[in-house]
Amino acid sequence: MTFKRIKLWEVSPSHGESRERKRKLRDTKGFEQELRHGKTAHNMSSSSLRKKSDLRLIQKVPCKSLQNVLSNLQEVILGTKLAVLFLAIPLAVIADYYHYGRPLIFGLSLTGLTPLAERVSFLTEQLAFYTGPTVGGLLNATCGNATELIIAILALANNKVAVVKYSLLGSILSNLLLVLGSSLFCGGIANIRREQRFDRKQADVNFFLLLMGLLCHLLPLLLKYAATGEASASLINKMSLSLSRTSSIVMLIAYIAYLIFQLWTHRQLFEAQEDDEDNAYNDEVTVEETPVIGFWSGFAWLAGMTLVIALLSEYVVATIEDASDSWGLSVSFISIILLPIVGNAAEHAGAIIFAFKNKLDISLGVALGSATQISLFVVPLSVIVAWTMGIKMDLNFNILETSCLALGIIITAFTLQDGTSHYMKGLVLMLCYVIIAACFFVDQIPQPKGTGLGMQPKNSVGRICLCLE
């Protein structure tokens, strides 16, 4: 009897220790989940293109400093499945130094931007481990479309307003129709025997903001066509410019409110729903739950990659017109179609991969979140930057471009209205994108270099007639 009492007495603490371990495990899991608040859909999308680094050989290096440098190179440069594309960066620099063909420089620079965009997402996620989820989310929101923003600023510095408008419009259309369409199509094919569902709340918020941005594009356009014959062209352009700058300030205010809504007050709406049955995905997340590089190393790498993106963006802006002449493609087609597809290929591929895993909330977060960020942050910020540089950039994208944007938003909104998905919805969105791409492909009417799109309303009507013919 004494023996049993001793055993029971001995067992009791072990049960207490077990409960204590479970409690600590729950606390740790809760902390990890809190850290994931700093991860947006862009982070989780890009994580699907990362690969686990094998540091066993590097750990055998006797010098600690050299070991840290090699470890950082392994994690940052070789820690992605797109590492081979980094070769395009030195090739672009060499091609520019030896004055090779400018279309070649354009192609190499565009290719080199692809892995850099994915690595910027990786570095912002690493910094979020040290700064906390809120600051990490803000950092990701700022750097999420760094490539588009840098290209826009450099194009403005070269007074290429048309390229800025084309590229930003193309990024929005690409995310709404191509990225989302291919994600819904591939996810529907991979899960053809079961219905895919997603949370509509996040999509509704993004569409409200996209429609507000569309209104800001429509009013300067309608202002020009509503003006009577007595109003001079210079007066109409002045009114359109003033309205655009005012609207840009309002759009930036709306974007700040969107960040507060997303990162503080209603962040549960933007969290990807996790499925415990998806063990593979859980394993991937677990790998990323601890930082693999230090804070200052991550900050230095982020600053360095931003400079490289700026260099390649400068090459792209400087050679886009030469590539257009050499390839026989219009600047509008290259800016609206090719730039967004190649520049954001890593993010797009990640969205498709998660759609295959029946995680449409992440795919929607990538496509709609990126479109909203460009529409309410990059576009108005470009107008404000142009204002400070003394460049007249308005929000009038002309009839053809604005119509494509409006129809793209409306079609996508109708596609997602019931909260379910199948491959036919994705196919329709992709076909709509193909039609828009064909329209800009046949658009061969030259635009004056260094001018904006909103200065030739009659030319826009002619371009629509050409597309109809």
Side-chain angles (χ1 to χ4, degrees), residues 42 117 141-177 179 205-223 240-259 262 313 317 332 335-337 339-340 343-344 347 367-389 391-409 412 436 451-455:
H42 295 80
T142 305
C143 301
N145 293 100
T147 303
E148 289 88 346
L149 182 59
I150 292 174
I151 289 178
I153 293 175
L154 292 176
L156 287 174
N158 290 273
N159 201 28
K160 296 183 179 180
V161 180
V163 174
V164 177
K165 292 184 176 182
Y166 280 140
S167 61
L168 296 180
L169 172 68
S171 295
I172 298 174
L173 293 176
S174 173
N175 280 287
L176 290 179
L177 300 178
V179 180
V205 173
N206 284 285
F207 281 121
F208 293 153
L209 296 172
L210 287 171
L211 288 173
M212 191 197 78
L214 176 62
L215 176 65
C216 296
H217 290 291
L218 280 174
L219 292 181
L221 173 66
L222 297 177
L223 185 64
S240 175
L241 188 61
S242 300
L243 176 60
S244 298
R245 289 170 175 174
T246 304
S247 300
S248 297
I249 296 175
V250 175
M251 293 166 74
L252 289 175
I253 294 174
Y255 182 72
I256 294 174
Y258 170 65
L259 289 181
Q262 180 184 22
S313 300
V317 172
S332 61
S335 302
I336 295 176
I337 305 301
L339 276 179
N344 295 320
E347 183 180 279
L368 299 181
S370 182
T372 303
Q373 188 177 41
I374 294 171
S375 178
L376 290 184
F377 176 65
V378 182
V379 171
L381 185 61
S382 299
V383 175
I384 301 300
V385 171
W387 188 4
T388 60
M389 299 171 72
I391 298 174
K392 297 180 179 180
M393 175 181 173
D394 59 10
L395 293 175
N396 177 15
F397 282 20
N398 275 344
I399 292 182
L400 178 60
E401 290 80 5
T402 306
S403 299
C404 291
L405 176 61
L407 292 175
I409 294 174
T412 308
I436 293 176
T451 61
L453 298 176
M455 304 302 173

Q.
If only side-chain N and O atoms count, and only distance matters, is there a donor-acceptor pair under 3.5 Å linking S240 with N396?
A. no
Q. So do the side chains of Y258 and V205 get within less than 4.5 Å of each other, counting heavy atoms only?
A. yes
Q. Which atoms form the tightest heavy-atom contact between Y255 and L376, and what is the distance?
A. CB-O, 3.5 Å
Q.
Please find the pair of heavy atoms, one from M212 and one from A254, that lie closest to each other, and give the distance.
A. CE-CB, 3.5 Å
**Q.** Short side-chain to backbone donor-acceptor contact, S335 and S167, under 3.5 Å
**A.** no
Q.
Rounded to the nearest 0.5 Å, what separates atom CG in D394 from atom CG in L219?
A. 12.5 Å
Q. Which atoms form the tightest heavy-atom contact between N206 and L368, and what is the distance?
A. OD1-O, 3.5 Å
Q: Scan N398, L222, L395 and name whichever one has a side-chain contact (heavy atoms from CB on, under 4.5 Å) with H217.
A: L395
Q: Spell out, as yes or no, whether a donor-acceptor pair under 3.5 Å connects the side chain of S375 to the backbone of A371.
A: no
Q: Measure the spacing between OG of S244 and CD1 of I249 and express it to the nearest 0.5 Å.
A: 11.5 Å
Q: Would you confirm whether T402, through its side chain, and I399, through its main-chain N or O, come within 3.5 Å as a donor-acceptor pair?
A: no
(Q) Could you report the tightest heavy-atom contact between L169 and E401, atom names first, then the distance? (A) CD2-CB, 3.3 Å
(Q) Please report the interatomic distance CG(L168) to CD1(I151), rounded to the nearest 0.5 Å. (A) 9.0 Å
Q) What are the two closest non-hydrogen atoms of Y166 and S332, and how far apart are they? A) CZ-CB, 3.4 Å
Q) When rounded to the nearest 0.5 angstrom, what distance separates CG in L176 from CZ in F207? A) 6.5 Å
Q. Between S171 and E148, which heavy-atom pair has the shortest distance, and what is it?
A. OG-CG, 3.5 Å
Q. So how far is it from L173 CG to L407 CG, rounded to the nearest 0.5 Å?
A. 10.0 Å
Q: Please round to the nearest 0.5 Å and tell me the distance separating atom CD1 of I172 and atom CG of N175.
A: 8.5 Å
Q: State which residue, out of V164, I374, V161, I391, fulfils the side-chain contact (heavy atoms from CB on, under 4.5 Å) condition with S382.
A: V164
Q) Is there a donor-acceptor contact under 3.5 Å from the side chain of K160 to the main chain of V317? A) yes
